[in-house]
Amino acid sequence: METVILKGEKAILEGARLIQSGDVVVFPTETVYGLGANAFDEEAVKKIYLAKGRPSDNPLIVHISSKDQINSLVENINPYAQKLIDAFMPGPITIIMPKAKNIPSIVTGGLQTVGIRMPIHPVANSFIKACGCPIAAPSANVSTHISPTNAFDVYEDMQGRVKLIIDGGDCNVGIESTIVDTTSSIPTILRPGGVTAEMILSVLGCVQSFTGEVKVALAPGMKYRHYAPSSNMIIAQNNDIKTKYEEAKEKGYNPIIIAEQQLIDSLSNIKYISVGSTDDEIMRNIFASMRKADRVSDYIICQDFGNEGKRGSVMNRVKKAAGNGTNNN
Ligand code: TXA
Ligand code: MG
């Protein structure tokens with residue numbers, strides 16, 4: 001299968017045509033690129049799992065272009081869900097609600113709940129609107145790879161697996177949406193992201209983070225390995241990142257450091273990739289930096305960016321890439 005990359009109005013029209021004929025299409029969002037199909041077309045949804053090489057018990061997020069669509073996709077919207085919709089949609093959040101009966105169970109991996117997300121990216125919005133149906137989509141990476149945040153990174157994974165990649169440039173947020181389960185007695189963050197726990201707390205007055213060991217997975221993706229570069233990857237503290245770098249060289253590796261600009265400025269004689277200076281920049285650049293590092297080095301040393309707010313969301317992904325913790329797919 002030939003994979004075409006298109007931009008602009010032409011891309012949206014061709015994407016909508018493919019979706020309506022039961023095919024899958026890669027499209028940009030503000031978080032990461034998605035691999036979409038008509039959420040009501042079981043055969044089309046099966047093609048998503050096939051293209052990604054993903055286990056089909058791992059549910060997909062349903063993407064919409066207007067809040068009016070939510071009512072037909074869920075059984076009910078409780079007050080917590082409504083507050084999150086009002087405060088953060090459209091934007092980098094996925095809200096888990098009880099599913100409506102008409103959503104095929106292949107979309108929700110057999111669960112009685114569904115994750116709803118309304119991207120704020122203008123190309124995503126125009127694309128979903130043009131399709132005329134809700135779009136089921138996971139991140140557009142091959143299962144266990146890092147989520148792609150630009151069309152080139154998508155192509156690296158999806159070449160020959162999809163007919164069309166809609167190119168919307170670099171993703172502005174850069175890590176996957178925050179997932180909040182509103183069906184638990186206290187709303188629960190299943191995956192941290194650009195909408196932080198602090199932001200949710202200020203709107204809901206309560207929220208908990210899922211931190212336990214994954215036995216029965218709440219977000220089934222949690223039980224799968226993910227985000228892994230093929231190179232070795234470790235996390236280092238600011239004060240011993242240079243030592244770790246020298247140690248790796250002595251062992252015969254070709255190491256590279258991923259860090260924020262300020263730390264890089266304090267180091268010399270190193271190979272590095274800068275993720276920028278602000279929290280938003282770090283989040284925006286982390287995945288693309290890991291992919292870049294993976295191409296040129298066999299030993300990635302990533303700075304520990306800390307636990308606060310968006311940096312905490314970034315570290316959630318970095319730890320998974322370094323092989324610690326459970327994973328989202
Ligand atoms: O930002 C994002 O969320 C991106 C873009 C494309 O929208 N999508 C994304 O999808 O990251 P995916 O499939 O890679 O990750 C979705 C995660 C999976 O871990 C899945 O298990 C979980 O969401 N999930 C989906 N539906 C769920 C549900 N009903 N209950 C619990 N977890 C769910
Ligand atoms: Mg994913």
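Position 1 is the first residue of the sequence; numbering continues from there. Just follow the structure's listing: the first ligand is 1, and inside any ligand the first atom is 1.
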Compute whether any side-chain donor of one residue and acceptor of the other, for Ser231 and Asp294, lie under 3.5 angstrom apart.
yes
Here the atoms of ligand 1 under 4.0 Å from any heavy atom belonging to Arg54 are 12 (P), 13 (O), 14 (O)
With heavy-atom distances below 4.0 Å as the criterion, list the atoms of ligand 1 near Asn58.
18 (C), 20 (C), 21 (O)
Is it the case that the side chains of Thr149 and Arg284 hold a donor-acceptor pair, with the cut-off being a distance below 3.5 Å and no angle test?
no
Is it true that some N/O/S atom of Ser139, main chain or side chain, lies under 2.8 Å from the Mg ion (ligand 2)?
yes
Asp304 and Gln237: side chain donor to acceptor below 3.5 Å
yes
Ligand 1 atoms in contact with Ile179 (distance to a heavy atom under 4.0 Å)
17 (C), 22 (C), 23 (O)
One finds that the ligand 1 atoms under 4.0 Å from a non-hydrogen atom of Glu176 are 1 (O), 2 (C), 11 (O)
Membership question, hydrophobic clusters at under 4.5 Å side-chain separation (ILVMFWY): are Ile235 and Leu263 in the same one?
no
Near Ser177 (heavy-atom distance under 4.0 Å), the atoms of ligand 1 are 1 (O), 2 (C), 3 (O)
Within 4.0 Å of some non-hydrogen atom of Thr113, the atoms of ligand 1 are 28 (C), 29 (N), 30 (N)
I need the contact type for His63 against ligand 1. Using non-hydrogen atoms and a strict under-4.0 Å cut-off, is it side chain, backbone, both or neither?
side chain
Cut-off 3.5 Å, side chains only: do Gln159 and Thr3 have a donor facing an acceptor?
no
At a non-hydrogen distance cut-off of under 4.0 Å, which region of Thr108 contacts ligand 1 (side chain, backbone, both, or neither)?
neither
Leu111: numbered ligand 1 atoms lying under 4.0 Å from its heavy atoms:
28 (C), 29 (N), 30 (N)
